[in-house]
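Note that this is a predicted model, so its numbers are computed, not measured. Numbers restart at 1 for each chain; the letters A, B, ... are given by sequence-line order, proteins then strands.
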Amino acid sequence: MGRIPPKFFKRDPVTCARELIGAGFHWQGCVGRIVETEAYASVGDPACHTWSRTGAREFVKRHQAGDAYVYLNYGMHWLFNILVKGDEASGFVLIRAVEPVAGLDAMRERRPGMKNHLLGAGPGRLTRAFGIDGSAHGSSFLDQPECGISRGKSVEIVTGERIGISKAADFPWRFGDPTSASLSRRF
DNA sequence: GCCAGGATGTTA
DNA sequence: AACATCCTGGCG
C-alpha cells in the first residue's frame, strides 16, 4: 500500500475528502483507517475558517498542500485538518473518524477505559487517542517518517451534511464508510 | 436510548 | 459572543 504524496492535495477539497475514505492514517506508531471526513472550501463556504478568520487565510497562503492545520475547538478538543491547495480550489479536509488499526496500547493509555471502536470515533476523540495537539499545526506530516497517509482498499462511500456547524449546514460535504462501527454519527 | 448542560480557550 | 466537541447525569 503506497504512501499518499503531498501532490494528492493539489486538487479540490471535496475530491480529496471523498478519496481519503478507506486510507490509512499514520501518526507516530498509531494507525487508523479513515472512515469519516469533511471538506471545507476557502471560497464560497461560510463554514470554513477562511470565511471569517484572517489567520486561516494566511495559513492557506503560507503553507503547502498536505500540511496539517490543527486547532483547538470549544476550548478542549484538537481537530486535525489537511490543507488542500489546488490551482482551482483550496480548503481543508477534516479527519472526523478513524478505526483503530495499530498502536492500540498507546491509544488506550491516553483513553483509559474507552471501547476500542470509539477511540477514533470523532474528530476530538481521534486526536486525543493519537496524541495529536497544537504542536502538529503547520507540519508537513506527509513527509515525516513516522507519520503520513497510505492508500487503502476502495470501499463503499456515502455522503451527508456536515456535522456541528450552523452556517452552510446543507452542503453535502461529509463522507464516510457506512459499514464502520467507528463513525462519529450514523449517516 | 435521549436530551440538557457544562467545561474550556481562541478568534474576531 | 461564537465556536468544524465530548462527557456526564437525569430520566425513563
Can you confirm whether the side chains of Thr127(A) and His77(A) place a donor and an acceptor under 3.5 Å from each other? no
Quick check on contacts: within residues 109-120 of chain A, what sits under 4.0 Å from DNA chain C by heavy-atom distance? Arg111(A), Met114(A)
Compare side-chain N and O positions of Arg128(A) against OP1 and OP2 of dT5(C) and report whether any pair is under 4.0 Å apart. no
In whole Å, I'd like the distance from the CG atom of Leu79(A) to the C1' atom of dC6(C). 11 Å
Please name all residues satisfying ring pair (Phe, Tyr, Trp, His ring centres under 6.0 Å) with Trp27(A), sequence neighbours left out, ordered by chain then number. Phe80(A), Phe141(A)
List the residues meeting salt bridge (Lys or Arg N to Asp or Glu O under 4.0 Å) with Asp87(A), not counting sequence neighbours, and say none if there are none. none
Going by chain and number, the hydrophobic cluster around Leu183(A) (ILVMFWY, side chain to side chain under 4.5 Å) further includes Val35(A), Val158(A), Phe187(A)
How would you list, by chain and number, every residue that makes a salt bridge (Lys or Arg N to Asp or Glu O under 4.0 Å) with Arg186(A), sequence neighbours excluded? none
Under a 4.0 Å N-O cut-off, is there an ion pair linking Arg174(A) with Glu161(A)? no
What integer distance in Å separates Arg162(A):CZ from dC3(C):C1'? 14 Å
Verify whether one side chain among Arg96(A) and Thr37(A) offers a donor that lies under 3.5 Å from an acceptor in the other. no
Check this for me: does any side-chain nitrogen of one of Asp177(A) and Arg33(A) sit under 4.0 Å from a carboxylate oxygen of the other? yes
Excluding sequence neighbours, so at least two apart, what forms salt bridge (Lys or Arg N to Asp or Glu O under 4.0 Å) with Arg11(A)? Glu19(A)
Quick one: name the residues clustered hydrophobically with Tyr40(A), using the 4.5 Å side-chain heavy-atom rule over I, L, V, M, F, W, Y, and just say none if it's on its own. Phe59(A), Val60(A), Tyr69(A), Tyr71(A), Leu79(A), Leu83(A), Phe92(A), Leu94(A), Ile165(A)
Pairwise N/O distances under 3.5 Å, protein to nucleotides 7-11 of chain B:
unit_1: dT8(B); atom_1: O2; unit_2: Tyr74(A); atom_2: O; d: 2.1

Set out, in order, the CA-CA distance, both residues' side-chain angles and the distance that settles side chain to side chain contact (heavy atoms under 4.5 Å, CB included) for His26(A) and Ser150(A), then state yes or no. CA-CA 8 Å; His26(A) 302 248; Ser150(A) 60; 2.8 Å; yes
May I ask you to say whether Glu38(A) pairs ionically with Arg162(A), meaning some side-chain N is under 4.0 Å from a carboxylate O? no
Linking directly or through intermediates, with side-chain heavy atoms under 4.5 Å: list the remaining ILVMFWY members grouped with Ile163(A), chain and number order. none
Could you check how far CH2 of Trp51(A) sits from P of dA12(B), rounded to whole Å? 16 Å
When you compare the side chains of Ser140(A) and Asp143(A), does any donor N or O come within less than 3.5 Å of an acceptor on the partner? no
With a 4.0 Å heavy-atom cut-off, tell me which residues in residues 15-42 of chain A come close to DNA chain C, sorted by residue number. Tyr40(A)
For DNA chain C, what residues of residues 165-187 of chain A have any heavy atom nearer than 4.0 Å? Ile165(A), Ser166(A)
Dot-bracket notation for DNA chain B, counting Watson-Crick and G-U pairs under 3.5 Å, with | for partners on another strand: |||||||.|||.
Thr159(A) side chain to Arg18(A) side chain, donor-acceptor N/O pair below 3.5 angstrom: yes
